[in-house]
Amino acid sequence: MQNYINKLSGSNSKLLILILFLFCFSACKHKNVPNVSHIAMEVHIQRFDHDLYKLDTNHIQASLQQLDAAYPTFLPAYIEHIMNFGPYADSSKLVQMQTRMLVGNSDFRLLQDTINAHFPKLDELEKDLAQSFRYIKYYFPSFRAPKVVAFSSVISNYGAITIDSVLGVGLDMYLGKDFPVYAMLPDYPGYMIRKFSKEYITTNCIQVLSQQMYPGADPSDKLIAQLVNAGKHQYFLEQVLPDVPDSIRLGYTKDQLEWCMESEQMIWQFFIQQNLLYKSDWQSNMHFMNDGPSTQGMPEGSPGRIGSFVGWRIVQEYMKQHKEVTLQKLMDNKDAMQIFSQSKYRPK
């Protein structure tokens with residue numbers, strides 16, 4: 001092998017070096033990913049959307065009772081909170097009437113047909129969720145995987161939700177950015193529609209699980225606390241979704257993420273020079289923590305919710321400085337100022 005390598009020259013030699021570099025880069029990038037193959041985990045997604053579609057509206061009360069028996073946690077929440085039909089009871093005449101109207105509505109049925117065409121099976125999603133659950137179980141031994149239910153919110157922006165021990169996946173919010181109905185609705189600008197694609201499903205599911213496990217910062221908290229909290233959640237996602245691109249996890253385009261990486265020092269100087277870190281003004285802070293086409297005050301090319309990027313980089317630095325800290329200890333640590341000060345975050 002040594003003699004063979006020594007004989008390579010010119011473009012062939014450069015090609016070999018490039019291949020070796022890419023191999024080493026890939027290995028280095030994933031060197032801290034634990035082997036979780038020994039953790040038993042199986043995910044079976046229940047198709048609530050199918051069962052609701054097939055509901056017998058001629059015997060609505062009996063059909064609701066059967067649906068409730070199959071989805072005792074999810075159905076009441078779906079009726080009351082997602083569809084806003086009021087408190088659930090299978091004997092409620094109002095609930096019966098509204099459910100009958102929903103299931104019989106031609107637009108509802110057409111939407112479900114579209115969902116069925118896009119998601120005839122959910123095998124890949126089941127595999128992806130199972131693998132992520134293995135990582136969560138590895139880092140959090142007491143973690144119990146939720147039941148997973150697929151549903152349609154009739155395009156009400158319920159892409160992923162948690163209800164007690166149930167994880168709900170709103171398939172109607174992942175029909176692709178070119179699905180024409182999205183653009184017809186004024187509540188959904190282009191920067192949101194871009195993320196209504198199936199590659200975001202697993203990330204959104206794990207994100208709501210992490211928020212259920214560790215609720216976010218209060219909007220009235222100082223900006224630095226919100227940055228660190230958002231960064232902790234991004235770091236959590238990075239560890240339990242190691243094969244998902246950073247751009248997907250953060251919700252940025254590739255160009256936006258590249259802009260953030262190249263402009264990291266400038267972004268941080270903006271926060272410092274504007275004396276933003278210790279502000280508790282929620283109206284000011286929301287410009288950096290909420291989603292949007294861009295970040296107010298930042299140059300062209302910046303993404304919305306830039307606070308997630310800054311917080312993620314702070315927490316990454318903290319974890320580099322404290323290799324003894326486990327993911328669970330990080331998430332359990334509620335002292336945002338300690339994490340920030342000990343991170344020694346100073347981008348260059």
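Just so it is clear, the values below take in all heavy atoms, side chains as well, and ignore hydrogens, waters and symmetry mates. None of these values were measured; they are calculated from a predicted model.
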* **Criterion side-chain contact (heavy atoms from CB on, under 4.5 Å) on Leu237 and Gln234, from CA distance to verdict** => CA-CA 5 Å; Leu237 294 178; Gln234 279 298 320; 4.0 Å; yes
Derivation of the side-chain hydrogen bond (donor to acceptor under 3.5 Å, both in side chains) call for Asn84 and Glu80: CA-CA 5 Å; Asn84 292 312; Glu80 182 171 355; over 6 Å; no
| field | Trace of the side-chain contact (heavy atoms from CB on, under 4.5 Å) decision for Gln65 with Gln61 | value | CA-CA 6 Å; Gln65 289 173 344; Gln61 183 170 357; 3.8 Å; yes
*asked:* Using side-chain contact (heavy atoms from CB on, under 4.5 Å), reason through Tyr214 and Met331 one step at a time and then give a plain yes or no.
replied: CA-CA 7 Å; Tyr214 295 94; Met331 300 303 293; 3.4 Å; yes
* Please test Val36 against Gln131 for side-chain contact (heavy atoms from CB on, under 4.5 Å), starting from the C-alpha separation and ending with a verdict. => CA-CA 8 Å; Val36 295; Gln131 184 67 356; 3.7 Å; yes
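Salt bridge status for Asp49 with Arg47: present, with a side-chain N to carboxylate O gap under 4.0 Å. A salt bridge is defined here as a Lys NZ or Arg NE, NH1 or NH2 lying under 4.0 Å from an Asp or Glu carboxylate O, and Glu264 with Arg313 meets this definition. Salt bridge status for Lys329 with Asp332: absent, with no side-chain N to carboxylate O gap under 4.0 Å.
Within the model, atoms CG of Asp281 and NE2 of His287 stand 8.0 Å from one another, a figure rounded to the nearest 0.5 Å. The structure places CD of Gln211 at 9.5 Å from CG of Leu209, a figure rounded to the nearest 0.5 Å. For the atom pair CZ (Arg194) and OG1 (Thr253), the distance works out to 5.5 Å, reported to the nearest 0.5 Å. Note that CG of Asp291 and CE of Met286 are 11.0 Å apart. Values are rounded to the nearest 0.5 Å. Put simply, NZ on Lys320 and OG on Ser343 are 11.0 Å apart, with the number rounded to the nearest 0.5 Å. The line from CE of Met97 to CG of Leu102 is 12.0 Å long, rounded to the nearest 0.5 Å.
Think of Met184 as one node in a network of Ile, Leu, Val, Met, Phe, Trp and Tyr side chains linked at under 4.5 Å; it has no links at all.
No side-chain heavy atom of Gln239 sits under 4.5 Å from any side-chain heavy atom of Tyr135. Using a 4.5 Å heavy-atom threshold, the side chains of Met192 and Tyr182 count as separate. With contacts defined as side-chain heavy-atom distances shorter than 4.5 Å, the pair Met173/Ile155 qualifies. The side-chain heavy atoms of Gln265 and Gln269, taken from C-beta on, include a pair separated by under 4.5 Å. Side-chain contact between Met289 and Leu223 is present, with at least one heavy-atom pair separated by less than 4.5 Å. For the pair Asp56/Ser63, a side-chain contact is recorded, criterion being any heavy-atom separation below 4.5 Å from C-beta on. Looking at Phe85 and Leu94, their side chains never come closer than 4.5 Å, going by heavy atoms from C-beta outward. A 4.5 Å side-chain heavy-atom check between Tyr318 and Val228 finds every atom pair outside the cut-off.
Crowding of Lys147 atom NZ: a count of heavy atoms from other residues, nucleotides or ligands under 6.0 Å not exceeding 12. Around CD of Glu300, the count of heavy atoms belonging to other residues, nucleotides or ligands within 6.0 Å does not exceed 12. At most 12 non-hydrogen atoms from other residues, nucleotides or ligands lie less than 6.0 angstrom from CE of Met101. When the shell of 6.0 Å around NZ of Lys222 is examined, it contains 12 or fewer heavy atoms from other residues, nucleotides or ligands. Annotation for His59: atom NE2 does not count as buried by contact number, only 12 or fewer foreign heavy atoms lying within 6.0 Å. In Gln296, the CD atom is not crowded: 12 or fewer heavy atoms of neighbouring residues, nucleotides or ligands sit closer than 6.0 Å.
Side-chain atoms of Lys232 come within 3.5 Å of backbone atoms of Asn333 as a donor-acceptor pair (strictly under, hydrogens ignored). Of the possible polar contacts, one joining the Asp172 side chain to the Ser153 backbone as a donor-acceptor pair under 3.5 Å is found. Between the Thr203 side chain and the Tyr200 main chain, no donor and acceptor come within less than 3.5 Å of each other. With Asp68 contributing its side chain and Asp90 its backbone, the two residues share no donor-acceptor pair below 3.5 Å. The backbone N or O of Ala77 sits nowhere less than 3.5 Å from a side-chain atom of His81 that would complete a donor-acceptor pair. In this structure a side-chain-to-backbone donor-acceptor pair under 3.5 Å is missing from Ser263 to Cys260. At least one donor-acceptor pair closer than 3.5 Å links the side chain of Tyr174 to the backbone N or O of Gly159. Under the 3.5 Å distance criterion, the side-chain polar atoms of Arg100 are matched with a main-chain donor or acceptor of Thr57. Put simply, the side chain of Ser92 gets close to the backbone of Val95: a donor and an acceptor are under 3.5 Å apart. One N or O on the side chain of Arg134 and one on the backbone of Ile39 form a donor-acceptor pair closer than 3.5 Å.
The two residues Gln328 and Pro141 make their nearest non-hydrogen contact at OE1-CD, 3.8 Å. For the residue pair Pro293 and Gln256, the shortest heavy atom distance occurs at O-NE2, 3.9 Å. Considering every non-hydrogen atom in both Cys205 and Leu129, the closest pair reads CB-CD2, 3.9 Å. Looking at every heavy atom in both residues, Leu64 comes nearest to Leu75 through O-CD2, 3.8 Å. Gly176 and Ser197 make their closest contact through CA-OG, 3.8 Å (heavy atoms, listed as atom of the first residue, atom of the second, distance). Closest non-hydrogen pair, Ser132 versus Val240, comes out as OG-O, 3.1 Å.
Under the ring pair (Phe, Tyr, Trp, His ring centres under 6.0 Å) test applied with Phe288, the options Trp282, Phe271, Phe309 reduce to a single match, Phe271.
For the residue pair Tyr138 and Asn35, no side-chain donor N or O sits within less than 3.5 Å of a side-chain acceptor on the partner. At a cut-off of 3.5 Å, with distance as the only test, a side-chain donor of Asp51 or Tyr71 sits close to an acceptor on the other residue.
By the criterion of side-chain heavy atoms lying less than 4.5 angstrom apart, applied directly or through intervening Ile, Leu, Val, Met, Phe, Trp or Tyr residues, Tyr53 is not grouped with Leu110; the two fall into different hydrophobic clusters.
Screening residues 229-269 for ring pair (Phe, Tyr, Trp, His ring centres under 6.0 Å), with sequence neighbours left out, gives Phe140-Phe236, Trp268-Phe340, Trp268-Tyr345.
Taking the six-membered ring where tryptophan is involved, the planes of Phe74 and Phe151 are tilted, since the angle between them lies from 30° to 60°.
For Phe196 and Tyr188, the gap between ring centers is short of 6.0 Å.
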